[in-house]
Amino acid sequence: FFFQAEDGIRDPLWSRGLGDVYKRQIWLFALIAIAICRLHGDMIESWDFSASPSSVIARTFSNFVDHFDRSNHKKFDQRYWYTLDNWDNKSGPILFYLCGESMGRFPGNATFIMELSRTLHAAVVALEHRYYGYSMPVPDLSNENMIYLSHDQALADSAHFIQYFKRHIHAYSSRVITVGGSYAGALSAWMRYKYPHLIHGALSSSGVVNAVLDFSDFDDQIRASVQKSGPKCESIIHKLIKEAEDTWKTNPWIIKIAHDAPFIEWEDFMFYYSDIFVEAVQYGQRTNFCDFLEKIENDPERQHKLAQFAISYRAPCHIYSFDYIRTTQIDPYNNYRQWTYQFCSSLGYLNTVGRKGEPMRFKEMTLKYWQSYCKKSFDTVTFPNTNETNSIYGDLRIAQLVSNVFFTNGGEDPWQWAGVRSVDPNDRSVEALVIDCDNCGHCVDLHAPTPDDSQLLKEARERITKRIKEWLK
């Protein structure tokens, strides 16, 4: 389940969060193809990743550890990157890319945000989220040091930073458009809502603006998306889940060894195993993944091949263990403890069993499961107060409270049910669009445009560009 979305643009291959979209999505596609072709001995072409512009400048900014306690004057170094390659310094805007729940990075040169930069003659700046990557306001991740990790502090970081950045490049009159995907897509919309004097507009791609506690709609959407490949794919997933459960009950070592995680416990394994199916659909690889499952359906080694496939394209099983979640030592490439704290303390998005058919995960994964999970992670009864979060930021009603925000969602993305999918058609100040094409997953509009994109996706990007131009008139 987790996720970055961030975010939409991630660097580390193994980060867990809402995003991990660009680089990871391409890796996922490539490795699914490898898994399928190994069964037939086909050749695989190499994949080329889009690099960031060569003129990107990397800097750090001294931000406040606590924006809401005036007696606390401590600061920390927060990383950011920017390019002025396409910027018209007389009338060009600033595209402010918000990084999410993993190590930050600058958007690749071929991504949609850089295409927008060229079209709008805009500067582009990206800010790493506090507590992720190298932007650490605390010496370790002990329970007492997690108190400064919140979306409220992250939004204040961005507000404080963008004022500095405009002064730094002498862009006093430039309008700022925030861009983000997944959790960072929510941050993008919330920036426009909370700081309208600083932010002129926002693109919220797969923005999870509704903090949902019992998120069963997520599981239901995975099922609905898989069913687009026909009933067989869903049936195979159910068989694999039951087989794994039955094998664990009789001889758990068979499953543990297959997944290279001899010390994993059942509670952790359920999370990991469910994510195998979730992420393939979430990141727009439903068709290829279902094809792969059909190839191994009757293979006696199907669990082993599924395990090898899972290990090759995503986080290995052992990092789902509480040993990893409870690690307090800072590792720039490890976002597990931080993101767990965020969803356990305030955001929710707890992926529970679906209610519209046979679940696409283990039936024990109810709210009770997540209560135990959060408590074990932090030794306290930590559980998200989503009502408080939504009362401050408006949940789905945010679309009625803001202007100049474009909400997008992929039609097969399970996270769309925590986002704004529609708005009043008579309200021209906001727009919402569900891009309902085959394999249109998480943050699909932020991906690098290709000639093979569906017509619906091409039209979506055209609508986004047109609307932002209208905001800037």
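- At least one donor-acceptor pair closer than 3.5 Å links the side chain of Asp220 to the backbone N or O of Lys356.
- Ring-plane geometry between Trp415 and Phe218 is classed as perpendicular, the angle between the planes exceeding 60 degrees on a 0 to 90 degree scale with a lower cut at 30.
- Judged purely by distance below 3.5 Å, without hydrogens or angles, the side chains of Gln416 and Asp413 never pair a donor atom with an acceptor atom.
- Separation of the Tyr373 and Phe322 ring centroids falls under the 6.0 Å cut-off.
- Two rings, from Tyr183 and His151, have their centers 6.0 Å or more apart.
- Considering only residues two or more places apart in sequence or on other chains, Glu265 meets the side-chain hydrogen bond (donor to acceptor under 3.5 Å, both in side chains) condition with none of them.
- Ser62 pairs by the side-chain hydrogen bond (donor to acceptor under 3.5 Å, both in side chains) definition with nothing, not counting sequence neighbours.
- Nearest heavy-atom pair across Gln153 and Asp66 is NE2-OD1, 3.0 Å.
- Side-chain contact of Asp453 with Thr450: a donor-acceptor pair under 3.5 Å is present, judged by distance alone.
- Screening residues 174-194 for salt bridge (Lys or Arg N to Asp or Glu O under 4.0 Å) gives no qualifying pairs among residues at least two apart or on separate chains.
- Listed for the Gln400 side chain is no donor-acceptor partner under 3.5 Å among the backbone atoms of Arg397.
- Here the rule is salt bridge (Lys or Arg N to Asp or Glu O under 4.0 Å) with Glu128, and of Arg105, Arg79, Arg59 only Arg79 fits it.
- Take Tyr164 and apply the side-chain hydrogen bond (donor to acceptor under 3.5 Å, both in side chains) test, not counting sequence neighbours, and it matches Tyr80.
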Carefully, step by step, assess Gln371 and Lys375 under the rule side chain to side chain contact (heavy atoms under 4.5 Å, CB included). CA-CA 6 Å; Gln371 286 176 321; Lys375 183 178 180 179; over 6 Å; no
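- Not a single donor-acceptor pair under 3.5 Å links the side chain of Gln342 to the backbone N or O of Leu347.
- Checked by atom type and distance alone, the side chain of Glu412 pairs as donor or acceptor with a backbone atom of Asn439 at under 3.5 Å.
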Using the side chain to side chain contact (heavy atoms under 4.5 Å, CB included) rule, take His168 and Phe61 through it: C-alpha gap first, then chi angles, then the decisive distance, then the call. CA-CA 11 Å; His168 177 66; Phe61 171 67; over 6 Å; no
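- Pairing each heavy atom of Leu155 with each of Leu187, the nearest pair is CD2-O, 3.6 Å.
- Without hydrogens or angle criteria, Trp370 side chain to Asn351 main chain gives a donor-acceptor distance under 3.5 Å.
- Counted by atom type alone, Asn335 and Ser102 present zero donor-acceptor pairs between their side chains at under 3.5 Å.
- Here the closest non-hydrogen pair linking Ser274 and Met365 is OG-SD, 3.4 Å.
- A pairwise comparison of heavy atoms in Asp219 and Gly354 identifies OD2-N, 2.9 Å as the closest pair.
- When atom types are taken as modelled, the side chain of Ser117 and the backbone of Ala122 share a donor-acceptor pair closer than 3.5 angstrom.
- Between Phe362 and Trp266, the ring centre distance stays below 6.0 Å.
- Checked by atom type and distance alone, the side chain of Thr327 pairs as donor or acceptor with a backbone atom of Asp323 at under 3.5 Å.
- Under the 3.5 Å distance criterion, the side-chain polar atoms of His200 are matched with a main-chain donor or acceptor of Trp471.
- The aromatic ring centroids of Phe161 and Phe96 lie less than 6.0 Å from each other.
- Under the 3.5 Å distance criterion, the side-chain polar atoms of Asn145 are left unmatched by any main-chain donor or acceptor of Pro139.
- Ring orientation note: the planes of Phe215 and Tyr349 are tilted relative to one another, at an angle of 30° to 60°.
- Residue pairs that meet the salt bridge (Lys or Arg N to Asp or Glu O under 4.0 Å) test with at least one member in residues 130-157, sequence neighbours left out, are Arg130-Asp157.
- A salt bridge does not link Glu115 to Arg461: none of the charged side-chain nitrogens sits closer than 4.0 Å to a carboxylate oxygen.
- Under the side-chain hydrogen bond (donor to acceptor under 3.5 Å, both in side chains) criterion, Ser229 pairs with Arg286, sequence neighbours left out.
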